[in-house]
Amino acid sequence: MMIQVMVRELRAVERADLSIGPLTLVAGLNGAGKTSILSGVGRCLTGDAVPSWLNKSEAGQLVRSGATKGGVKVSTPQGEAVLAYPTAQVSQKGTPIKCSAIAAGLLSIPDLDSKKRTVVLADLLGATPTQDDLANFLKDAGLKPDTIERAWARIQKEGWDAVHKLAASKTAELKGAWQQVTKQAWGSKIGNTWTPDHYAEGRELAELETEARQAREAVEQGIAAQAADAADLERLRDVASKVEDRRVALQYAVAELADANKLVAGTEEQLKKVPSIEESQTAHKCPECEAALAIEGGKIVKAKPPRTAAEIKKIRDQRATLDGRLTALRVDVANKNAAVTTAKNQLQEAEAAKVQLGEQPTGPVEGVSVDLPALREAEAQAVARLEAAKRKADADRFNQQIAANQVLIEAFGPQGVRAKAVQRAVDRFNDEHLKSWCEAANWRPIQVTETLDFLYGGRPYEALSESEQMRVRIAVQVAAATIDGSEIVIIDRADTLDQRGRSGLVAGLRARWADRPSLIGMTYSERGLLPPLAKVGGRVYWLENGTAEEIGAAPIRGAA
């Protein structure tokens, strides 16, 4: 298949008419406009009209100086695609050439961060996890089968990223609940060992409730017995007379607590609306055109401008102010909770006194001796043990839920179940694509590891020379283009390869890309050094002074 390309008034290029078949090389001096041609063809075919370093309104900067409009047209007998500047509009007729962002060289998988690399590889390789994958990942977490089924149903409905975000939000909520109970910040170590004061190890809650009730009854009986004494009887009458006042006081305390809780809820809602610093996109420079790209929903998009220092400071100040206010309001809620408890106890005391007065004789009873302070102390200790047991039970329940949710967060995240599924697909990717490319190109083995990192000859991608990194990028690009059904590969800056690498590139394309079109950009200091690609059915174009000229034309095998 032969592809006709027409480039006009695009950056440094005034005019370029290319016939692209297998092994089509665009060469020229540094800055001659090779990248403008290759990027223009790629953007025309993918529809990604504007580099991330430009806004669409600034697309006029891509028009050659002195011209009013420019663009790219890519056509075959089956259809065409046209990219026009400065409007940055792409139009199509018929069935244009299929070309992904990876095949166009606009996205390099080895240069993505690990999370985005996982997402892109999963989409490329069709590595979709199954419900069994999720169940196997969670089998040692102690989660019930119905929990896993509900999680899977939600994943099917909302997607992995949404469920991962929801699980993270739930964990934050559980940690807040644990902190409310313990008055301390949650941590994995303290979460497993926290014990409140007065906690009675090994005592059952029902047993402690009985003990507290009996202690309270003993106090009431002691008060009733001691109330026969005239002085105590007078005190009892005084307390009983305050029933209505204390009922009003309880209502007031409950109302104040409700108002305080509303303030907390309102402040928490304000805090949710303040963006976090991590929500900003992470831009990655395209290794071919230096455009700033980002990934959203597994797609390549123009990266949003990063937040300014002033915006970041403003966000931090807002969050700090609201966090401080929320802390103070929560302390106020705790104090008002205590006030409600005190008011309840005082009302109960007055009501009990009123009941007891109806059972007492009008005069004192002789010979009654009750150690009421000791009874009250015993009651206080019993109540303290009961409340400590309740707090311990609540804290342990929240801690167990946090631990289970942490496992879910790991499972739903990019490095969890999805990564396992991707690894299976990666093994096939290594065996069926990268291995055969390296054999054809006579390059050292290129592999994707279990952690989705790239190796060349056993060495990590980050430790490779520029030429070796370029070999990895090209091998992965051609393999990806084969998988996603692209009909052309566009390889810019191939001059980064050493001589052996360049020979391997030609051999690899001839063996693994067969007679499909490929467009390669390389810098040469003079046209006399250009490779004789015509001998193997290729074409060479020399780009100089804004114009492309074909060098040593020859028929191309398989041309349409």
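The chain is numbered in sequence order, starting from 1.
For the pair Arg117 (side chain) and Leu452 (backbone), a donor-acceptor distance under 3.5 Å is present. Between the side chain of Lys34 and the main chain of Leu29, a donor-acceptor pair closer than 3.5 Å is present. In terms of modelled atom types and a separation under 3.5 Å, the side chain of Gln477 and the main chain of Ala103 share a donor-acceptor contact. The closest donor-acceptor contact from the side chain of Trp152 to the backbone of Gln156 lies at 3.5 Å or more, if one exists at all. Side-chain atoms of Thr76 do not come within 3.5 Å of backbone N or O of Ile3 as any donor-acceptor pair. Between the side chain of Asp123 and the backbone N or O of Val119, no donor-acceptor pair lies under 3.5 Å. Checked by atom type and distance alone, the side chain of Arg539 never pairs as donor or acceptor with a backbone atom of Gly21 at under 3.5 Å. Checked by atom type and distance alone, the side chain of Ser486 pairs as donor or acceptor with a backbone atom of Ser100 at under 3.5 Å. Distance alone, capped at 3.5 Å, places no donor-acceptor pair between the Ser39 side chain and the Ser36 backbone. Side chain of Asn430 to backbone of Gln447: no donor-acceptor contact under 3.5 angstrom is found.
A heavy-atom distance below 4.5 Å is found between the side chains of Leu509 and Trp437. Looking only at side-chain heavy atoms (C-beta outward), Glu80 and Gln92 stay at 4.5 Å or farther from each other. Counting only heavy atoms from C-beta outward, the side chains of Val72 and Arg43 never approach each other to under 4.5 Å. Contact of the Leu134 side chain with the Ile155 side chain is registered, since non-hydrogen atoms from C-beta on lie closer than 4.5 Å. With a 4.5 Å cut-off on side-chain heavy atoms, Ile315 and Pro275 count as touching. Counting heavy atoms from C-beta outward, Thr321 and Gln318 have side chains that stay 4.5 Å or more apart. Here the side chains of Gln406 and Ile402 are in contact, with some heavy-atom distance below 4.5 Å. Annotation: side chain of Val13 is not in contact with side chain of Arg64 (no heavy-atom distance under 4.5 Å).
Minimum interatomic distance between Gly191 and Trp186 (heavy atoms only, all atoms of both residues): CA-NE1, 3.8 Å. Taking all atoms of both residues into account, the shortest heavy-atom contact from Glu9 to Lys69 is CB-O, 3.3 Å. The two residues Ala88 and Val50 have their closest heavy-atom pair at CB-CG2, 3.5 Å. In plain terms, the two heavy atoms of Met2 and Ile20 that are nearest each other are SD-O, 3.4 Å. A pairwise comparison of heavy atoms in Leu38 and Gly521 identifies CD2-N, 3.4 Å as the closest pair. Counting all heavy atoms, side chain and backbone alike, Trp443 lies closest to Gly501 at CZ2-O, 3.2 Å.
Atoms OG1 and CZ, from Thr482 and Arg516 in turn, are 5.0 Å apart once rounded to the nearest 0.5 Å. Separating the CZ atom in Arg471 from the OH atom in Tyr456 is a distance of 3.5 Å, to the nearest 0.5 Å. Between atom CD of residue Glu410 and atom CG of residue Leu138 there is a gap of 9.0 Å, rounded to the nearest 0.5 Å. If you take OH on Tyr541 and OG on Ser19, they are separated by 4.0 Å, rounding to the nearest 0.5 Å. Taking CD1 of Ile474 as the reference point, atom CD of Gln469 lies at 12.0 Å (rounded to 0.5 Å). Taken from CG in Leu10 to OH in Tyr85, the straight-line distance is 6.5 Å, to the nearest 0.5 Å.
Residue Glu450 qualifies as open at atom CD: its count of foreign heavy atoms under 6.0 Å is 12 or below. Within 6.0 Å of CZ on Arg15 lie no more than 12 heavy atoms contributed by other residues, nucleotides or ligands. The number of heavy-atom neighbours closer than 6.0 Å to CD of Glu466, taken from other residues, nucleotides and ligands shown, is 12 or below.
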Practice problem: Apply side chain to side chain contact (heavy atoms under 4.5 Å, CB included) to the pair Met522 and Leu497, showing each step before the final yes or no. | Solution: CA-CA 10 Å; Met522 296 182 69; Leu497 296 169; over 6 Å; no
Self-check item: Evaluation steps, side chain to side chain contact (heavy atoms under 4.5 Å, CB included), between Val417 and Trp160
Solution: CA-CA 10 Å; Val417 177; Trp160 288 89; 3.8 Å; yes
Exercise. List the steps, then state whether side chain to side chain donor-acceptor pair (under 3.5 Å) holds for Thr451 with Thr449.
Key: CA-CA 5 Å; Thr451 57; Thr449 68; 3.0 Å; yes
Quiz item: For Phe429 and Ile483, what are the C-alpha separation, side-chain angles and deciding distance, and is it a side chain to side chain contact (heavy atoms under 4.5 Å, CB included)?
Solution: CA-CA 9 Å; Phe429 186 63; Ile483 293 171; 3.6 Å; yes
Exercise. Assess whether side chain to side chain contact (heavy atoms under 4.5 Å, CB included) is satisfied between Gln499 and Ser503, documenting all intermediate values.
Key: CA-CA 6 Å; Gln499 187 58 48; Ser503 299; 3.9 Å; yes
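Evaluation of the side chain to side chain donor-acceptor pair (under 3.5 Å) rule for Glu549 yields Arg527 as partners, not counting sequence neighbours. When the side chain to side chain donor-acceptor pair (under 3.5 Å) test is applied to Glu158, the partners found at least two apart in sequence or on another chain are Arg154.
A salt bridge links Asp317 with Lys313; the closest basic N to acidic carboxylate O contact falls under 4.0 Å. Salt bridge status for Lys116 with Asp111: absent, with no side-chain N to carboxylate O gap under 4.0 Å. A salt bridge is defined here as a Lys NZ or Arg NE, NH1 or NH2 lying under 4.0 Å from an Asp or Glu carboxylate O, and Lys170 with Glu173 meets this definition. Ion pairing between a basic and an acidic side chain is recognised when a charged N comes within 4.0 Å of a carboxylate O; Asp133 and Arg424 show such pairing. Contact check on Asp17 versus Arg8 returns a salt bridge, with a Lys/Arg side-chain nitrogen under 4.0 Å from an Asp/Glu carboxylate oxygen. Between Asp484 and Lys98 there is no salt bridge, since no side-chain N of the basic residue sits under 4.0 Å from a carboxylate O of the acidic one.
Under the 6.0 Å distance and 45° angle rule, Arg502 counts as a cation-pi partner of Tyr524.
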